[in-house]
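A short write-up of the structure that comes next.
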Amino acid sequence: MNREFDLTLPPAASMSLFTPGFGRAPHVFVGRDRAVSEIVDGLRSGPSDDRYISLLLGSRGSGKTVTLALIADSARSSGWLVVSVDASTARIADRIRSEIDAISEEAETVADLRDRTTTVSKATRLGFGSLSMRRETVRRIDTRWDTRRLLTHLGRHAAAAGTGVLIAADELHSAERDDIRRLAADLQHVTMTGRLPVAFLGAGLLDVKNTILADKRITFFHRVPRHGMEPLRRSEIETFLRTTIADAGGYVTNDAAETLLTAASGLPYQMQLLGANAWRLADAPARTIETHHAHAAVELTRETMDERVHQPAWASLSEAERRMLLSISRQGGSASARAIAADLGRLPNSLHDLRIRLLNLELVSIDDDGSYRFGHNADSDFIAGVRQATDEANAPHGPESAEPFRVPPSHIAKRRPLNPRCNEWMPRAQARCILRLGHPGRHKSK
């Protein structure tokens, strides 16, 4: 049967300004002013400033990529050469070279255009001093150079032009250890020792603290400033929601806005989802966003957050890490190290590394009395899922109840991976086990 679909785009004035995608620029940037200010001040100060090489660390949906892109765009518009790469696959050095090659080709095109015109607008500049300086620089690059020599060459010309080079690397948590070791050595030589204006800004999940930043062979990154992505404040979320709705010509009732604000946990991604879902469900701006639209948006957002944020966070934990979270849940959300150890049948001292890893992930925090509770990255929905898993595990429904850490929270993990990894932390290898969950024998990192 033939069916036709109307794919006519709506008028621009009626389109939503919400951008609920990981890493997509928001209509209104809120909540990261301190981190941005610190990093930008460091870049302005030059390579002698310890902030010239910095890291952005946060959980999924916390705004790392958006903040990274904002700073990179600001550097580019200020006359810097910006090399943006991701570290999610091996050979990051090759991708840096490829990006520089692409920028070089673009620079040549614009430079050739300049030869045929009398003036060049500011918007045409690609961010590396004058175009003549840029053209001369890229023409001198030898394709046989390694990354260190390439960065040294660019750094020297940037210094001569009174500007800088910024390497912006996302997905740092996925980087191959050998790649990061080599990059750290190059930055140490070019930026820290050579004092050339080659800056580095990396962004990654908090697990970087348990991997790269725990690697004794990568001490360079141990010393650089780290900027966390703390939960947004209520006032910041309200400013974002109301401004984004109003600027798109929409309206929201006070009760509906209160419902959305109450449901927001402080993650920018969740904030975007709430606004986008409410806008769509209300058919805004033709209709006002009412309370019932907001409630429906909250439920829809919760499902998306479970699938895209909570489920991956739970799946990335090792058996022992899940056990500790479930133990805290069983004991009412707060428990001493001794009580947790007793519940898990282990000695208190044996939990030291485990506690450090969960503290680094900000899934647990320590109270003044030394007891452990859920941290701010374990929001109310995540905790509810852990508690539900605890209840299911304690129910007499078969052998799975003996090992509750293997049962993902039912409303968090709707689809369990076919071959979940063990993920147990291996202190000597400074890596996680790659074998299948529940494997016999010793752990294995490669």
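Position 1 is the first residue of the sequence; numbering continues from there. Model, not experiment: these values are computed from the prediction.
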Practice item. Using a 4.5 Å cut-off on heavy atoms from C-beta on, say whether the side chain of F18 contacts that of L274. Key: no
Practice item. Could you list all the salt bridge (charged side-chain N to carboxylate O under 4.0 Å, His left out) pairs where at least one residue sits in residues 77-87, not counting sequence neighbours? Key: none
Review point. Once the angle between the rings of F200 and F221 is folded into 0 to 90°, is it parallel (under 30°), tilted (30 to 60°) or perpendicular (over 60°)?
Key: tilted
Review point. Which pairs with one or both residues in residues 48-57 pass salt bridge (charged side-chain N to carboxylate O under 4.0 Å, His left out), sequence neighbours excluded?
Key: E38-R51, D49-R51
Practice item. State, with a plain yes or no, whether a side-chain heavy atom of W80 is found less than 4.5 Å away from one of V165. Key: no
**Study point:** No-hydrogen, no-angle side-chain donor-acceptor test under 3.5 Å, H310 and D381
**Key:** no
Review point. Would you say L57 and L213 make side-chain contact, with heavy atoms under 4.5 Å?
Key: yes
Exercise for review: Please lay out, stage by stage, how K209 and E362 fare under the test side-chain contact (heavy atoms from CB on, under 4.5 Å).
Suggested key: CA-CA 11 Å; K209 297 179 182 179; E362 298 175 13; 3.7 Å; yes
Practice item. Taking the side chain as every heavy atom from C-beta outward, state whether F382 and N377 have any pair of such atoms under 4.5 Å apart. Key: no
Exercise for review: Take R373 and D367 through the side-chain contact (heavy atoms from CB on, under 4.5 Å) test and state the conclusion after the steps.
Suggested key: CA-CA 7 Å; R373 64 172 60 249; D367 286 342; 2.8 Å; yes
Practice item. To the nearest 0.5 Å, tell me how far H295 NE2 sits from E299 CD. Key: 9.5 Å
Check your understanding: Regarding T19 and Q272, is there a side-chain donor-to-acceptor distance under 3.5 Å anywhere?
Key -> yes
Review point. Any ion pair linking K64 and E171 (charged N to carboxylate O, less than 4.0 Å)?
Key: no
Check your understanding: Do L300 and R280 come close enough that some side-chain heavy atom pair is under 4.5 Å?
Key -> yes
Practice item. Run through N210, D207, T211 and flag the one making a side-chain hydrogen bond (donor to acceptor under 3.5 Å, both in side chains) with N360. Key: N210
**Study point:** Flag side-chain contact, heavy atom, 4.5 Å: I71 against L43
**Key:** yes
Point to revise | Pair R302 + D306: basic N to acidic O under 4.0 Å | key: no
**Study point:** Contact check, side chains of I167 and L151, non-hydrogen atoms, under 4.5 Å
**Key:** yes
Exercise for review: Answer with yes or no whether the side chains of D369 and S371 bring together a donor and an acceptor at under 3.5 Å.
Suggested key: yes
Check your understanding: Do NZ/NE/NH1/NH2 and the carboxylate oxygens of R97 and D94 come within less than 4.0 Å?
Key -> no
Exercise for review: Using only heavy-atom distances, determine whether the side chains of T147 and D186 contain a donor-acceptor pair under 3.5 Å.
Suggested key: no
